[in-house]
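Every chain is numbered from 1, with letters handed out A, B, ... down the list of sequences. Not measured: the values here are computed from a predicted model.
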Amino acid sequence: MTTFAELGVDQDIVEALSARGIIDSFPIQEQTIPLGLPGQDIIGQAKTGTGKTFGFGIPVVQRLGLDPSPGVKALIVVPTRELAVQVYEDIDMLTQNRSTSVVAIYGGKAYEGQIEQLQAGAQIVVGTPGRLIDLAGQRLLDLSGAVEVVLDEADKMLDLGFLPDIEKIFQKLPAVRHTQLFSATMPGPIVTLARRFMSNPIHIRANDPDEGLTQANINHLVYRAHSLDKDEVIARILQAEGRGKTVVFTRTKRAAQKLMDELGDRGFSVVAVHGDMSQEARERSMAAFKAGKKEILIATDVAARGIDVDDVTHVINHTIPDDEKTYLHRAGRTGRAGKTGIAVTFVDWEDLHKWALINRALEFGQPEPRETYSSSPHLFEDLGIPAGVRGRLSTAPRTETVKTAAGGSDRAARSDAPRRRRRRSEGSAPADAVSVPAEHGAERAAETDGQGTHDGSGKGHHDGNAAPARRRRRRRAPRTGGAPTVG
DNA sequence: AAAAAAG
């Protein structure tokens, strides 16, 4: 392993990194930093969770040097607000031993603080396109001196949804500049398009050629969702002992909200992030998940790219993503920085063609998703769920839909799952005899209410609100013993 | 077609 100092990184940046326990460099960093430092334009491609941010971030910070003059000299554009926050934090960390100032510019937040920081002379801007264009249009953000430019998740930034915004932004940038584009996925046509914004870029692929396209340390499991109750199976996965942080992806905002309500009703400690939530609630969710205060994150594809959370052990695709790129990015929330992870995907009947596409593109060699059913032993074996938990869970009471006037009692009756888990990890008696602590229901209700459904701002009354969703809940008769209909 | 991104 090469140290950062050996790559030519300034001592104060090396110290900032080591203060965070970062000593050794990753392959993408070894390849891009020595080129980025002298100003080479780079298209940098490396798998998820292998250190791309520092691959471009260190050269950006170092090239600005110790120039104290105020004004924007570097611009880093990212596709989501949460990623803007994260990249801002990473870059800010790199500058901790020098005076370079960094600001995050993104929507859903008050203008005031962001404008103040710009007027105070911020030198590095990390932001999302909408707010950047907004502030540039108001002459509150001057990009004409941004000689360091990065598109993170570059293929996303150059796809149809973002391209017009990106073109507007590039029009405001100086012609002579250092431009870097990074992503785990870089389709050929996008590389061609990207060259329009760069001068003689080098395309760096930090991928071992005989490795596959996917991360070797992520175990990919794919099941057809036909003959099983997805919510039920996901609940059981979430009950597993030894499961760490888990991200559950859905296709729509509504589905995310619904699943959060469902799991919340079962007593799981969950947070959600999707575009129908207030920005404040989104950031609260991410902070709780990152800190480990909440172990389950329900998300739309807003969280598919770039989000770096330590020790995510499982990614669950409640709905299969539309294409192989999204699949790769979603799965890549686990198995980061050399750790292992499991990605579980449920394929609905109408989505079989999507699996065919992803399977072919990523060369999984598994043309059909595995057949499984709600209490299938092999499913839980695959997932590494301990036998004891499995046995107990398969007999978990699944009757319900008690309609009560006061939501408290029926809710308590249903929330056996995490109680079980907690008791067992304490090594105590079987949980069936244990009653739910009184405060449990109330605590959870408060959490649910705090997650963006109503944020007190009077807006954001998106469909699929918590309360109606809860009332709507009804479960079919329990699948008796899960008599499989394996095809 | 959905999600994201300004409000």
Q: Taking salt bridge (charged side-chain N to carboxylate O under 4.0 Å, His left out) as the definition, give me every residue that meets it alongside A/D159, ordered by chain and number, with sequence neighbours left out.
A: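 Per chain and number, A/D159 pairs via salt bridge (charged side-chain N to carboxylate O under 4.0 Å, His left out) with A/K156.
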Q: Can you tell me the distance, in whole Å, between the CG atom of A/D351 and the P atom of B/dA2?
A: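 Computing the A/D351:CG to B/dA2:P distance gives 13 Å.
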Q: From B/dA4, B/dA3, B/dA6, pick the nucleotide closest to the side chain of A/T252?
A: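 Ranking B/dA4, B/dA3, B/dA6 by closest atom to the A/T252 side chain puts B/dA3 first.
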Q: Whole angstroms only, please: what is the CE-P distance between A/M157 and B/dA3?
A: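 In whole Å, B/dA3 P lies 18 Å from A/M157 CE.
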Q: Give a yes/no answer on whether the side chain of A/R81 brings an N or O atom under 4.0 Å of OP1 or OP2 in B/dA6.
A: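 Yes, such a contact exists.
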Q: Do A/I91 and A/I76 come within less than 4.5 Å of each other through their side chains, counting heavy atoms only?
A: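 They are in side-chain contact.
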Q: Base, sugar-phosphate, or nothing for A/D134, non-hydrogen atoms under 4.0 angstrom?
A: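 Here A/D134 touches the bases of the nucleic acid.
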Q: Does A/D165 reach a base, just sugar-phosphate, or nothing at all? Heavy atoms under 4.0 Å.
A: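 Here A/D165 touches no strand at all.
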Q: Looking at B/dA2, I'd like to know if its phosphate oxygens (OP1 or OP2) sit under 4.0 Å from a side-chain N or O belonging to A/T300.
A: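 False: A/T300 side-chain N/O out of range (4.0 Å or more) of B/dA2 OP1/OP2.
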Q: In this structure, how many angstroms lie between the C1' atom of B/dA5 and the CZ atom of A/R305, rounded?
A: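 Spelled out: CZ on A/R305 to C1' on B/dA5 is 14 Å.
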Q: A/H353 NE2 to B/dA1 P: how many Å, rounded?
A: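 About 13 Å, once rounded to whole Å.
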Q: Would you say A/K156 reaches B/dA5's phosphate, i.e. side-chain N/O to OP1/OP2 under 4.0 Å?
A: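 No, outside the criterion.
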Q: Heavy atoms only, 4.0 Å cut-off, all strands: where does A/F249 land among base, sugar-phosphate and nothing?
A: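 The residue A/F249 makes no contact with any strand.
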Q: How many whole angstroms separate atom NE2 of A/H329 from atom C1' of B/dA4?
A: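 My rounded result for the distance is 14 Å.
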Q: How many Å lie between CZ on A/F162 and C1' on B/dA6, as a whole number?
A: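 After rounding, the reported distance stands at 12 Å.
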Q: Return no unless some side-chain N or O of A/R282 is found under 4.0 Å from OP1 or OP2 of B/dA5.
A: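 Yes, within the criterion.
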Q: With a non-hydrogen cut-off below 4.0 angstrom, is A/G161 in contact with a base, only sugar-phosphate, or nothing?
A: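 Since a base atom lies under 4.0 Å of A/G161, the category is base.
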Q: Quickly work out the A/R254 CZ to B/dA3 P distance and round it to whole Å.
A: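 Going from CZ in A/R254 over to P in B/dA3 covers 10 Å.
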Q: Scan A/D311, A/N217, A/T313 and name whichever one has a side-chain hydrogen bond (donor to acceptor under 3.5 Å, both in side chains) with A/K339.
A: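 That would be A/D311.
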Q: Checking salt bridge (Lys or Arg N to Asp or Glu O under 4.0 Å) for the pair A/E148/A/R63: CA distance, chi angles, key distance, verdict?
A: CA-CA 8 Å; A/E148 291 291 326; A/R63 282 172 58 78; 2.5 Å; yes
Q: Parallel, tilted or perpendicular: which fits the ring planes of A/F364 and A/W355, with parallel below 30° and perpendicular above 60°?
A: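 Taking A/W355 first and then A/F364, their aromatic rings lie parallel (interplane angle under 30°).
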Q: Using atom CD of A/Q114 as one end and atom C1' of B/dA5 as the other, report the distance to the nearest whole Å.
A: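 So the two atoms are 13 Å apart, to the nearest Å.
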